[in-house]
There are 2 protein chains.
Amino acid sequence: MGVTIKDIAKAAGVSYSTVSKALLNSPLVKEPTKKKIIAIAKELNYQPNAAARRLASKKSNTIGVVWPTIERVTLSALITKINEQLEAASYTTLLSINPVETAVTIFNQFQVDAILVFDDNNKSEYTSSSSVPVVSYGLSDPNSPYPIIDVNRKQAIHLAVEYLYQQGHRKISYIGNVKGIDRLQEEKVDSFQKSVSDLGIDTFANAVISVDSLDQYDGYLAAKNILHSEHIPTAIICGSQDLARGIIRATQELNVSIPEDISIISYDNIPQREDLIIPLSTVGVPLDTISEHVAKTLIDVINKEEISNTITLEPELKITNSCRTIKE
Amino acid sequence: MGVTIKDIAKAAGVSYSTVSKALLNSPLVKEPTKKKIIAIAKELNYQPNAAARRLASKKSNTIGVVWPTIERVTLSALITKINEQLEAASYTTLLSINPVETAVTIFNQFQVDAILVFDDNNKSEYTSSSSVPVVSYGLSDPNSPYPIIDVNRKQAIHLAVEYLYQQGHRKISYIGNVKGIDRLQEEKVDSFQKSVSDLGIDTFANAVISVDSLDQYDGYLAAKNILHSEHIPTAIICGSQDLARGIIRATQELNVSIPEDISIISYDNIPQREDLIIPLSTVGVPLDTISEHVAKTLIDVINKEEISNTITLEPELKITNSCRTIKE
DNA sequence: TTCGAAAATAACTACGTTGTCAATTTTACT
DNA sequence: AGTAAAATTGACAACGTAGTTATTTTCGAA
């Protein structure tokens, strides 16, 4: 094992520095020589030694991602996208599932070019000891020493409420994770309540339904409860696509039609799965938008471009026929 | 940025090779000197340069894990455990979510000490080009050029069927993912059918129930179907803990008691979550066992110990009071 | 043909560390 | 005190590559 540029040099009858240049596609090497060297490299199944390369060039073309324990499922799609984007810019992505501090230390030792942190709880102490630039996806914080990419969840829910109001809805329910350890979920509920009260909509018994988690089953149960009660809303806004799926199942079982009897808008960033019977109206920032911004920020940070410290991405409302207008 | 051992050497008034040895805790350095050097290193916030270290020592103390697109949720707990085990043996784990071939190439360039592949579909072509040893967690294959750790799913289901039979059960249903793209699921169903027919149990209408996926909701639906029909089994074996949860919800709704009216055994490797009302009888290989074997195999491979090529882990049956005996 | 500049290639150092071996200091014993 | 042996420290060559500088080759013009 271990074919080095020296082996290639010997085989090609040139010096190893020429090989180095040829493999980096430097214009300092004549075209035919370059061709020959590259051919021999492939022939010998040459794998550049990343350690040596990094040592010599002080560049790793690698980005370290700190992968949190929780929320892995939700973020899985996002990470995949970001990975694609970075790969297109010829960066390699490596993940660590260690605690943030440990992971940051590891990535520093590996001299990655930048670190992406999915921030659970906005702790930025660890960054102080990182000489590698950090970018975070999490809750915005004007005092953060590193750039944060955030999503305007408040605005998202507000858009949904406003839209439904304009369509004539006056009894709107929100189904989501209320009792909040999770600040992201909390934000959404708060925004719902504020939007509703700002519009002067009367609250009613089923205005806000709390669920234990954001799974399909929770949505199913919550929707069933609502639909069995006396206070049936004309529209539901829910906190995740999975919840929405559960809600739809419940409506089907109880012969409640969407959107005739009830309209639904779901908050979500991930692309809609195909297997829904009713295409879902959603509000949120498209995954592609998020991943593009994250990837771009990382690359900017590496190239030391000027970047604004906190980027808050604005949501989009996508209405399908899971919503209808109520005539007055 | 960039404190090197030379900086420390200067500060400590010793040669840099002494610093190197001190930081590696070599017995060749006198204790007080060592202490002093380590203190200064900490003082200066020294971060060893992993690239240089690797280049010089040809060891990275790092293990690369190829993380497949699918099944991330299920494997998340396993990876976490393996990471812990390896950390205890002072190895660092890095993940890649790229396609197996790409990931293997990256890890080769990074000169990790070993690569762990979660094998989707038993393709071993990529290994040929890997000079770094590979270990796989997946379906066993006697011809594989690298060690594979597998779980004896057939035996697991067999154990469950046999146990229930011995307890007097004669109407046993299996709920799981039948229509098989997934060979792992397929194995379980096959084993169920074989075990049942070997014992001479009559098949009946609800003997095997196919679900779309292994989620809670699927279990809920399947169980409801069964319980509403005329062919109610005395025991259910199901393919995942999530399914079991759904099944339990269904029984509660329909006032069916566990284990009085129906016994349940779930296949699973992951540790049982606390939030179940009824502690679940399970059959499978405990997660700890799997992770220990995987970690040990990786380390053995690195140290070039002799290892058997394929390790099949045998399942354990854990019976709680979600099962009961049927008197004849 | 010969000279000179440009193009191509080769030589060499640096990167930060480890590990081997040589040099030095300390220790223990005569 | 002197000496050998042991303990400790230091010097230096790798490791594989990038990049800078030096050398050779090529080619056009005189």
Side-chain angles (χ1 to χ4, degrees), chain A residues 1-38 40-41 44-62 90 92 106 108-113 131-132, chain B residues 1-38 40-41 44-62 90 92 106 108-113 131-132:
Chain A
M1 68 161 171
V3 180
T4 75
I5 51 171
K6 293 191 181 173
D7 299 322
I8 300 174
K10 213 170 290 172
V14 294
S15 78
Y16 66 85
S17 41
T18 305
V19 174
S20 170
K21 293 188 196 77
L23 294 178
L24 292 176
N25 197 22
S26 156
L28 295 176
V29 178
K30 210 172 26 172
E31 204 52 50
T33 331
K34 205 186 279 186
K35 282 252 162 71
K36 189 172 109 194
I37 291 174
I38 289 173
I40 293 178
L44 296 179
N45 189 27
Y46 166 73
Q47 299 272 32
N49 182 325
R53 199 167 251 194
R54 199 150 56 251
L55 192 58
S57 71
K58 308 212 153 202
K59 274 277 269 170
S60 70
N61 264 34
T62 303
S90 70
T92 292
I106 292 170
N108 267 273
Q109 291 177 3
F110 270 79
Q111 311 221 125
V112 298
D113 294 338
S131 52
V132 172
Chain B
M1 67 160 173
V3 179
T4 76
I5 50 172
K6 294 191 181 174
D7 299 323
I8 299 176
K10 213 169 290 171
V14 296
S15 77
Y16 68 86
S17 38
T18 305
V19 173
S20 170
K21 292 190 197 79
L23 294 178
L24 292 177
N25 197 23
S26 156
L28 296 176
V29 178
K30 213 177 17 178
E31 205 51 50
T33 331
K34 204 186 278 184
K35 283 251 162 71
K36 189 173 108 193
I37 291 174
I38 290 173
I40 293 178
L44 295 178
N45 189 27
Y46 166 72
Q47 299 272 31
N49 182 324
R53 198 167 249 191
R54 199 151 56 252
L55 192 57
S57 72
K58 307 211 153 203
K59 275 277 269 170
S60 70
N61 264 32
T62 302
S90 70
T92 291
I106 293 171
N108 267 273
Q109 292 177 1
F110 270 78
Q111 311 223 127
V112 297
D113 295 337
S131 53
V132 172

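Reckoned from all heavy atoms, side chains included, excluding hydrogens, waters and symmetry mates. Below, read A as the first sequence line, B as the second, and so on, with proteins coming before strands; counting in each chain starts at 1.
- Put simply, OH on B:Y16 is 12 Å from C1' on C:dC15, counting in whole angstrom units.
- Across D:dG16, D:dG19, C:dG19, the shortest atom-to-atom separation from the side chain of A:L24 is found for D:dG19.
- For A:R53 and D:dG19, the CZ to C1' distance is 14 Å, given to the nearest whole Å.
- Residue A:K58 places at least one side-chain N or O closer than 4.0 Å to OP1 or OP2 of C:dG16.
- Picking from C:dT9, D:dG10, D:dG16 the nucleotide with the shortest atom distance to the side chain of A:L55 gives D:dG16.
- Side chain of A:K21, nearest nucleotide from C:dA10, C:dT9, C:dG16: C:dA10.
- Atom NZ of B:K10 is separated from atom P of D:dT9 by 20 Å (rounded to the nearest Å).
- Counted by atom type alone, A:N108 and A:S131 present one or more donor-acceptor pairs between their side chains at under 3.5 Å.
- In this structure, A:D7 places its CG atom 10 Å from C1' of D:dG16, rounding to the nearest Å.
- Phosphate contact (OP1/OP2 of C:dT17, side-chain N/O of B:Y46, threshold under 4.0 Å): present.
- Not one side-chain nitrogen or oxygen of B:S57 sits closer than 4.0 Å to the OP1 or OP2 atom of C:dT18.
- Remark: side-chain polar atoms of B:R54 are paired, donor with acceptor, to backbone N or O of B:F110 under 3.5 angstrom.
- Across the protein-nucleic acid pair, B:Q109 atom CD and D:dT17 atom P stand 10 Å apart, rounded to whole Å.
- Proximity of a side-chain donor or acceptor of B:T92 to a complementary backbone N or O of B:T62 within less than 3.5 Å is not detected.
- Distances were taken from every side-chain heavy atom of A:K30 (C-beta onward) to each of D:dT9, C:dT9, C:dT17; the shortest belongs to C:dT9.
- Rounded to whole Å, the distance from NZ on A:K35 to P on C:dT9 is 14 Å.
- Among the nucleotides C:dT17, D:dT9, C:dT9, the one closest to the side chain of B:K6 is C:dT17.
- Formation of a donor-acceptor pair under 3.5 Å by the B:N61 side chain with backbone atoms of B:S90 is found in this model.
- When each of A:A56 and B:L28 is assigned the nucleotide of DNA chain C with its nearest heavy atom, A:A56 is the one assigned upstream, toward the 5' end.
- At D:dA11, none of the side-chain N or O atoms of B:S15 fall inside 4.0 Å of OP1 or OP2 (strictly under the cut-off).
- Rounded to whole Å, the distance from CG on A:N25 to P on D:dA18 is 13 Å.
- Counting any heavy atom pair closer than 4.0 Å across all strands shown, A:T4 reaches sugar-phosphate atoms only and no base atom.
- Between B:S17 and D:dA11, a side-chain N or O to OP1/OP2 separation shorter than 4.0 Å is absent.
- Atom CG in B:L23 sits about 7 Å away from atom P in C:dT18, given to the nearest Å.
- Side-chain contact of B:T18 with B:S15: a donor-acceptor pair under 3.5 Å is present, judged by distance alone.
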